[in-house]
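Reviewing the structure listed below.
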Amino acid sequence: IRGRLQEGKILVPRVQLEVSGIEGEVTISKGILEGTGLRGKVGQAQGHGGSLRIGLRGGDAPFHLDVLVDADMAQLPIVLERVVRSENLQTELALMQNIQGRGRGRLILGESLRDVQARVEVSNFQLTGLYQRIPYPMELEGTSFLFEGSSVSAYELTGKVGGSLSSGLNLRYSWADGHHVEFDSSKPVTVFLDEIYPILPFADGSGTPRKTIEALTGFVTFHSTEFKGQILQPSDWQFAGTGTIRDLTIHSPAFPGPV
């Protein structure tokens with residue numbers, strides 16, 4: 001059977017993601033519907049150039065959706081919240097507020113109705129908003145964003161978070177085992193210590209904050225930097241970098257006054 005689908009609608013099980021207003025050429029053969037060149041609305045994003053393969057007999061029937069989307073970045077946390085069953089990631093998504101921006105993306109879902117996995121690719125995106133672990137506004141743009149499995153990655157991040165500036169920063173976050181973060185850059189990254197030092201999770205094994213240095217102010221510009229580790233466990237951090245320091249002031253009970 002061949003035909004043209006108009007005003008079609010699919011509710012993807014498990015992730016509760018609706019694809020509506022579907023238009024395009026479809027065929028039905030041996031209990032499987034296949035479509036190409038499809039257009040429609042994926043959640044709140046407009047999709048085009050899509051392909052669909054779905055079994056019509058339910059249960060563990062095959063399912064595959066691959067569609068290009070003009071993405072509203074405000075919808076990205078909502079999509080991730082639906083497709084990922086991870087308490088670690090759910091915690092971090094709840095800390096994101098007022099996310100706005102645009103990007104060109106690709107959404108891939110499959111491969112069966114019983115077990116829907118997702119891959120999200122976004123290119124040339126702009127993003128603004130607030131992430132509560134870093135309580136300062138962020139304005140970022142990047143060349144690509146990728147979600148797959150139990151990790152998200154962003155590449156060539158340029159912009160600012162509060163008074164800190166980045167260029168060419170590559171970032172990866174994995175929630176499979178805690179909150180593992182990796183980032184690197186061979187381009188300048190400037191850290192505004194007045195804002196960043198107070199929120200670093202420096203603590204000993206009992207959770208008591210270290211008081212050796214009460215405050216750091218000034219700027220550190222890294223010309224190259226590399227970091228990996230569990231972000232909430234400083235003892236696990238591995239860091240390397242080269243750079244310069246400007247206007248540094250140290251406040252410590254070991255000194256009679258600021259140094």
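Scope of the values below: all heavy atoms of this structure, side chains included, with no hydrogens, waters or symmetry mates.
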Q: Taking atom CD of Glu87 as the centre, report whether more than 12 heavy atoms of other residues, nucleotides or ligands fall under 6.0 Å from it.
A: no
Q) Atom CD1 of Ile231 and atom NE2 of His179: how far apart are they, to the nearest 0.5 Å? A) 10.5 Å
Q | Over all atoms of both residues, closest heavy-atom pair of Gln230 and Asp177 | A | NE2-O, 2.7 Å
(Q) Rounded to the nearest 0.5 Å, what separates atom CZ in Phe145 from atom CG in Asn124? (A) 14.5 Å
(Q) Side chains of Arg4 and Val26, heavy atoms from C-beta outward: is any pair under 4.5 Å? (A) no
(Q) For Glu148, is there an ion pair with Arg119 - N to carboxylate O distance below 4.0 angstrom? (A) yes
Q | Atom pair OG (Ser174) and NZ (Lys228), whose distance is rounded to the nearest 0.5 Å | A | 12.5 Å
Q: Report the C-alpha separation of Leu107 and Val120 in whole Å, then their side-chain angles, then the decisive distance to 0.1 Å, and conclude whether the side chain to side chain contact (heavy atoms under 4.5 Å, CB included) test is met.
A: CA-CA 5 Å; Leu107 174 65; Val120 178; 3.8 Å; yes
Q. In terms of hydrophobic clusters joined by side-chain contacts under 4.5 Å, are Leu200 and Ile245 together?
A. yes
Q) If you take all heavy atoms of Ile199 and Arg133, which pair is closest and at what distance? A) CD1-O, 3.6 Å
Q) Do you know which two heavy atoms are closest between Tyr155 and Ser153, and how far apart they sit? A) OH-CB, 3.5 Å
Q.
According to a hydrophobic-cluster definition based on side-chain heavy atoms being under 4.5 Å apart (Ile, Leu, Val, Met, Phe, Trp, Tyr only), do Leu11 and Ile108 belong together?
A. no
(Q) Strictly by salt bridge (charged side-chain N to carboxylate O under 4.0 Å, His left out), give each pair with a member in residues 244-256 just once, sequence neighbours left out. (A) none
Q.
Could you tell me if the side chain of Val152 sits less than 4.5 Å from the side chain of Leu89, heavy atoms only?
A. no
(Q) If hydrophobic clusters are built by linking Ile, Leu, Val, Met, Phe, Trp and Tyr wherever their side-chain heavy atoms come under 4.5 Å apart, do Ile32 and Ile1 end up in the same one? (A) no
**Q.** His48 side chain reached by Val67 side chain, heavy atoms, under 4.5 Å
**A.** no
Q.
By the definition ring-ring contact (aromatic ring centres under 6.0 Å, His included), identify the one residue from Phe183, Phe227, Phe239 that meets it with Phe222.
A. Phe239
Q: Kindly compute the distance separating CD (Glu25) from CG (Leu38), expressed to the nearest 0.5 Å.
A: 9.0 Å
(Q) What I'd like to find out is whether the side chain of Met73 reaches to under 4.5 Å of the side chain of Gln126, using heavy atoms alone. (A) no
Q. Are any non-hydrogen side-chain atoms of Lys160 and Tyr136 less than 4.5 angstrom apart?
A. no
Q.
Ser224 vs Thr242, test: side chain to side chain donor-acceptor pair (under 3.5 Å). Steps then yes/no.
A. CA-CA 6 Å; Ser224 66; Thr242 61; 3.0 Å; yes
Q: Apply side chain to side chain contact (heavy atoms under 4.5 Å, CB included) to Asn170 and Glu182, showing your working.
A: CA-CA 8 Å; Asn170 303 312; Glu182 298 180 12; over 6 Å; no
Q. Any donor-acceptor pair under 3.5 Å linking the side chain of Arg102 with the backbone of Asp70?
A. yes
Q) Do you know the tightest heavy-atom contact between Tyr197 and Ile213? A) OH-O, 2.9 Å
Q) Are Ile196 and Leu216 linked, directly or through other ILVMFWY residues, by side chains that come within less than 4.5 angstrom of each other? A) yes
Q) If every non-hydrogen atom of Pro77 is compared with every non-hydrogen atom of Leu93, which pair is closest and at what distance? A) O-CD1, 3.8 Å
Q) Between Ser185 and Thr225, do the side chains contain an N or O donor and an N or O acceptor separated by less than 3.5 Å? A) no
**Q.** Derivation and outcome, side chain to side chain donor-acceptor pair (under 3.5 Å), residues Ser167 and Thr158
**A.** CA-CA 4 Å; Ser167 58; Thr158 299; 5.6 Å; no
Q.
Using every non-hydrogen atom in the two residues, find where Arg53 and Pro62 come nearest and quote the distance to one decimal.
A. NH1-CB, 3.5 Å
Q) Do Tyr131 and Ile99 come within less than 4.5 Å of each other through their side chains, counting heavy atoms only? A) no
(Q) Quick one, Leu65 with Ile10, criterion side chain to side chain contact (heavy atoms under 4.5 Å, CB included). Give me CA distance, side-chain angles, the key distance, then yes/no. (A) CA-CA 11 Å; Leu65 174 68; Ile10 298 172; over 6 Å; no
(Q) Please check this pair: side chain of Asp66 against backbone of Gly50, looking for a donor-acceptor N/O pair closer than 3.5 Å. (A) no
Q: Check whether any side-chain N or O of Thr27 sits under 3.5 Å from a backbone N or O of Arg2 as a donor-acceptor pair, and report yes or no.
A: no
(Q) Working to the nearest 0.5 angstrom, can you tell me the gap between Leu157 CG and Ser144 OG? (A) 8.5 Å
Q) Same cluster or not: are Leu5 and Leu33 linked, directly or through other Ile, Leu, Val, Met, Phe, Trp or Tyr residues, by side-chain heavy atoms under 4.5 angstrom apart? A) yes
Q) How far does CG of Asp60 sit from OG of Ser112, to the nearest 0.5 angstrom? A) 4.0 Å
Q: Answer yes if the side chains of Gln100 and Asn98 hold a donor-acceptor pair under 3.5 Å, and no otherwise.
A: no
